[in-house]
Peer 1: 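Here it is: the structure, laid out below.
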Amino acid sequence: MDMANGTSLIEEIVSLCKRRGFVFQSSEIYGGINGFFDYGPLGVELRRNIKDAWWEDMVRRRDDMVGLDSGIIMNPKVWHASGHVDGFSDPMVDCRESKMRYRADQLFAGDVRVDGQSLGWVCLLESVCMQDDAEKKAESMKRKASRQGTLEAIELRPFDELSSEEQSLVPSPATGTVGSLTEPRDFNMMFETNVGALRDASSVAYLRPETAQGIFANFKNIVDTGRVKVPFGIAQIGKAFRNEITPRNFIFRSREFEQMEIEYFIPPDEDAWPKYHREWIDTRMSWFSSIGLTKDFLGEEVHPSEKLAHYAKACTDITFKFPFGEHELEGIAARGNFDLTQHQQHSGKNLEFFDETRKEKYLPHVIEPSLGVDRTFLAVICSAYQIDEIEGEKRTVLRFHPRVAPIKVGVFPLVKNKPELVDRARKLYQRLQRKWNVIFDQTGAIGRRYRRIDEVGVPFGVTVDFETIEGDGSITVRDRDSTEQQRLSEDELVSFLDKQINP
RNA sequence: GCGGGCAUAGUUUAGUGGUAAAACCCCAGCCUUCCAAGCUGGUGUCCUCGGUUCGAUCCCGAGUGCCCGCACCA
């Protein structure tokens with residue numbers, strides 16, 4: 001996709017989303033707030049349809065899945081066990097001159113001393129040969145200073161373990177200038193809050209950065225009460241919060257978002273996970289196609305083993321070619337039994353599963369397909385958005401799959417000033433309204449009303465005309481994508497719509 | 001967090017140191033027998049707060065938001 005075009009394409013989509021009530025910037029009348037969005041009348045329907053489709057296909061239509069809705073705030077110990085509190089609060093250091101950014105624990109510095117006197121500090125990025133490099137640098141510093149004497153051994157320490165006086169002596173690894181590095185700054189992505197009336201260290205709690213830990217924390221409850229047998233999965237849809245440094249790309253990366261996550265528990269045998277991992281990738285990929293994502297925009301990206309977290313066995317992303325680039329839609333990770341092991345240790349509760357057929361206890365391993373509602377929402381719109389031409393006129397159309405379309409049917413009297421048409425159309429509207437989200441529109445010319453529903457992705461327009469009230473009672477159904485019409489009786493219409501909308 | 005650009009109606013944009021404009025959209029009415037027809041009317045704190053000025057939407061500063069690049073993204 002060419003980028004010059006891509007930029008304006010996403011702008012067009014953002015503008016359409018606002019104009020037609022899909023997505024608004026949060027708190028817009030107060031100047032907005034970076035990284036938060038609100039979903040308008042059409043947006044909320046689309047979101048709901050996406051979530052319903054996922055829940056229907058991943059939970060209700062499967063024998064091996066159960067659902068869960070855990071709270072956003074949990075005991076903070078959960079996030080210590082999961083590693084989110086300690087592991088992911090990387091302090092970062094910026095170089096003011098070169099604008100480079102470093103993780104403080106990957107930046108090593110040491111004092112260069114000759115006969116007890118400091119010549120200044122050296123600073124290097126973490127590497128296997130950094131000790132050698134440091135000594136070479138020290139030699140050259142000694143030569144430049146024309147100093148005699150013996151170089152002392154250099155003790156390299158991570159930047160974040162130095163005192164702030166020491167930090168201020170460290171030169172930038174990029175430019176060599178002393179004083180160019182900032183103090184380490186915390187970039188923990190979890191939002192903190194306080195539980196209870198008192199605000200102190202003991203009241204700190206976190207807004208969950210993922211829904212997955214709620215599943216692990218409830219694993220024992222579900223095993224004890226849910227009549228489940230490995231392999232089985234627990235699914236959850238819910239809000240999650242990450243204090244992203246730079247939210248970007250519209251709703252693609254925001255600070256408050258909604259996840260649809262599955263933890264699928266499998267036997268711990270080493271040959272088990274590759275099979276289940278592959279199955280889930282295929283299942284999820286075909287699900288994306290089924291709700292109307294453009295196949296050519298979907299891709300798979302396997303994480304190289306050296307970039308995996310230490311506990312992960314594999315991770316494959318399902319990616320989507322957004323107008324601003326190809327990015328992750330869903331991550332499907334084989335996480336071993338890392339999470340259950342952690343929670344078992346930290347909680348002191350036995351979380352082992354007793355396998356009846358094998359007559360043994362074990363901590364199941366897990367496959368984690370984890371998807372963002374908001375990213376799916378954007379991918380659905382990007383797949384659906386099209387500008388085409390009808391009889392020389394441009395039209396903007398959202399070709400939503402009928403299953404996710406916010407509004408399923410538009411019902412129209414052919415003209416407004418004939419009460420019989422209007423009454424009959426209104427009756428039909430009321431009948432359809434009991435089953436689907438439909439709209440009634442009698443304003444302006446019929447063509448205008450068709451175009452208007454095209455732009456919000458309504459798949460079907462039905463029109464009550466003179467043949468309906470004077471002839472055989474049939475109505476016309478107009479297809480959004482082909483713009484072709486067919487005449488059906490009301491009963492035929494209802495079963496036609498049912499087939500199209502609920503596959 | 002850093003650097004650059006931008007901020008005018010619901011949307012896209014024009015414009016000005018002296019009380020702001022177009023197109024489209026939207027709402028109401030008239031008209032209309034199948035793909036954005038026409039007519040009439042309606043809808044605006046020029047992002048916020050300071051400063052300069054007799055007077056600021058315009059100039060200056062700060063903030064906020066958006067876009068692009070860097071960095072970050074468990």
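Letters A, B, ... mirror the listed sequences (proteins, then strands); counts begin at 1. FYI, side chains are in, hydrogens and waters are out, and symmetry mates aren't considered; it's all heavy atoms of this structure.
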Peer 1: Centres of the Y39(A) and F24(A) rings: under 6.0 Å?
Peer 2: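 Between F24(A) and Y39(A), which both carry aromatic rings, the centre distance is not below 6.0 Å.
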
Peer 1: Taking only the side-chain nitrogens and oxygens of Q25(A), find out if one of them lies under 4.0 Å from OP1 or OP2 of rG65(B).
Peer 2: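 For rG65(B), neither OP1 nor OP2 has a side-chain N or O of Q25(A) closer than 4.0 Å.
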
Peer 1: Run through RNA chain B and report every stem of 3 or more consecutive Watson-Crick or G-U pairs, distances under 3.5 Å, ordered by first number.
Peer 2: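 Stem list for RNA chain B: B:1-7 with B:64-70, B:10-13 with B:21-24, B:26-30 with B:38-42, B:47-51 with B:59-63.
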
Peer 1: Tell me whether R395(A) is salt-bridged to E455(A), with the criterion being a basic N under 4.0 Å from an acidic carboxylate O.
Peer 2: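 No, this pair does not count.
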
Peer 1: Using heavy atoms and a sub-4.0 Å distance, could you list which residues of residues 471-482 of chain A are near RNA chain B? By number, please.
Peer 2: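 Here the set is T476(A), R478(A).
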
Peer 1: Mind checking if T483(A) touches a base, just sugar-phosphate, or nothing, with heavy atoms under 4.0 Å?
Peer 2: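 Counting heavy atoms under 4.0 Å across all strands, the contact made by T483(A) includes a base.
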
Peer 1: Let's see if you can work this out: which of rC73(B), rC66(B), rC35(B) has an atom nearest to the side-chain heavy atoms of Q485(A)?
Peer 2: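 Among rC73(B), rC66(B), rC35(B), the one nearest the side chain of Q485(A) is rC35(B).
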
Peer 1: Classify R248(A) by what it touches in the nucleic acid, base, sugar-phosphate, or nothing, heavy-atom distance under 4.0 Å.
Peer 2: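 Answer is base: heavy atoms of R248(A) come under 4.0 Å of a base.
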
Peer 1: Atom OH in Y429(A), atom CZ in F440(A): separation rounded to 0.5 Å?
Peer 2: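 Here the rounded value is 8.5 Å.
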
Peer 1: Can you check whether G444(A)'s main-chain N or O pairs, donor with acceptor, with K416(A)'s side chain at less than 3.5 Å?
Peer 2: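 The answer is no, because no donor-acceptor pair under 3.5 Å joins these two groups.
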
Peer 1: In whole Å, measure the gap between the C1' atoms of rU45(B) and rU19(B) for me.
Peer 2: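 That atom pair is separated by 13 Å.
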
Peer 1: Given Q213(A), which of H343(A), E261(A), Q342(A) fulfils the side-chain hydrogen bond (donor to acceptor under 3.5 Å, both in side chains) condition?
Peer 2: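 With Q213(A) as partner, side-chain hydrogen bond (donor to acceptor under 3.5 Å, both in side chains) holds for just one option, H343(A).
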
Peer 1: Do NZ/NE/NH1/NH2 and the carboxylate oxygens of R487(A) and E492(A) come within less than 4.0 Å?
Peer 2: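 Looking at E492(A) together with R487(A), the answer is no, because their closest N to O distance does not fall below 4.0 Å.
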
Peer 1: Not counting sequence neighbours, list each pair that qualifies as a salt bridge (Lys or Arg N to Asp or Glu O under 4.0 Å) and has a residue in residues 27-36 of chain A.
Peer 2: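 As it turns out, the salt bridge (Lys or Arg N to Asp or Glu O under 4.0 Å) pairs with a partner in residues 27-36 of chain A, which skip direct neighbours, are K18(A)-E28(A).
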
Peer 1: So does R448(A) pair up with D441(A), basic N to acidic O under 4.0 Å?
Peer 2: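 So R448(A) does not pair with D441(A) through a salt bridge.
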
Peer 1: Hey, which sits more toward the 5' end of RNA chain B by its nearest nucleotide, R255(A) or S15(A)?
Peer 2: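 Comparing both residues, the 5'-ward one is S15(A).
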
Peer 1: How far does the P atom of rU16(B) sit from the matching atom of rA20(B), given to the nearest Å?
Peer 2: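 My reading of the P atoms in rU16(B) and rA20(B) gives 15 Å.
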
Peer 1: In whole angstrom, give the distance that lies between atom CE of M189(A) and atom C1' of rA74(B).
Peer 2: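 Going from CE in M189(A) over to C1' in rA74(B) covers 7 Å.
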
Peer 1: Please measure how far the C1' atom in rG51(B) lies from the corresponding atom in rC58(B), and state the result in whole Å.
Peer 2: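 Per the computed distance, 15 Å lies between those C1' atoms.
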
Peer 1: Test: side-chain hydrogen bond (donor to acceptor under 3.5 Å, both in side chains). Region: residues 325-336 of chain A. Which pairs qualify, not counting sequence neighbours?
Peer 2: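 Pairs touching residues 325-336 of chain A that pass the test: R284(A)-E330(A), T319(A)-E326(A), R335(A)-D339(A).
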
Peer 1: Using heavy atoms and a sub-4.0 Å distance, could you list which residues of residues 209-219 of chain A are near RNA chain B? By number, please.
Peer 2: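 Contacting residues: P209(A).
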
Peer 1: Under 4.0 Å between a side-chain N or O of K18(A) and OP1 or OP2 of rU11(B)?
Peer 2: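 K18(A) to rU11(B) OP1/OP2: side-chain N or O found under 4.0 Å.
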
Peer 1: Nearest-nucleotide wise, let me know which of F250(A) and E28(A) is further upstream toward the 5' end of RNA chain B.
Peer 2: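 Going by which nucleotide is closer to the 5' end, it is E28(A).
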
Peer 1: Could you measure between the two C1' atoms, the one in rU13(B) and the one in rG1(B), and give it in whole Å?
Peer 2: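 Those two atoms are separated by 33 Å.
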
Peer 1: Taking the six-membered ring of F252(A) as reference, does the NZ or CZ atom of R375(A) fall below 6.0 Å from its centre and within a 45° cone about the axis?
Peer 2: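 Judged by the rule (NZ or CZ under 6.0 Å from the ring centre, within 45° of its axis), R375(A) counts as positioned above F252(A).
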
Peer 1: Determine the interatomic distance between P on rA74(B) and the same-named atom on rG4(B); round to the nearest Å.
Peer 2: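 After rounding to an integer number of Å, I get 29 Å for this pair.
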
Peer 1: Please encode protein proximity along nucleotides 24-32 of chain B as a string of B, S and -, counting only heavy-atom distances under 4.0 Å.
Peer 2: -SS----BB

Peer 1: Can you tell me how far C1' in rG10(B) sits from the matching atom in rG5(B), rounded to whole Å?
Peer 2: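 Straight-line distance between the two C1' atoms is 25 Å.
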
Peer 1: Look at all strands and tell whether N34(A) reaches a base, only sugar-phosphate, or nothing, counting heavy atoms closer than 4.0 Å.
Peer 2: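 Contact class for N34(A): sugar-phosphate only.
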
Peer 1: Over 60° means perpendicular and under 30° means parallel, so classify the ring planes of Y276(A) and Y264(A), tilted if in between.
Peer 2: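 Rings of Y264(A) and Y276(A): tilted, as their planes differ by 30° to 60°.
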
Peer 1: Please work out which of the three classes, parallel, tilted or perpendicular, describes the rings of F37(A) and F250(A), given edges at 30° and 60°.
Peer 2: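 Geometry flag for F37(A) against F250(A): perpendicular rings.
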
Peer 1: Taking rU11(B) as the reference, what is the distance to rG50(B) when you measure between their C1' atoms (whole Å, please)?
Peer 2: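 Their C1' atoms lie roughly 31 Å apart.
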
Peer 1: With a centroid cutoff of 5.5 Å and a plane-angle limit of 30°, would you call F466(A) stacked on rU33(B)?
Peer 2: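 So F466(A) counts as stacking on the base.
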
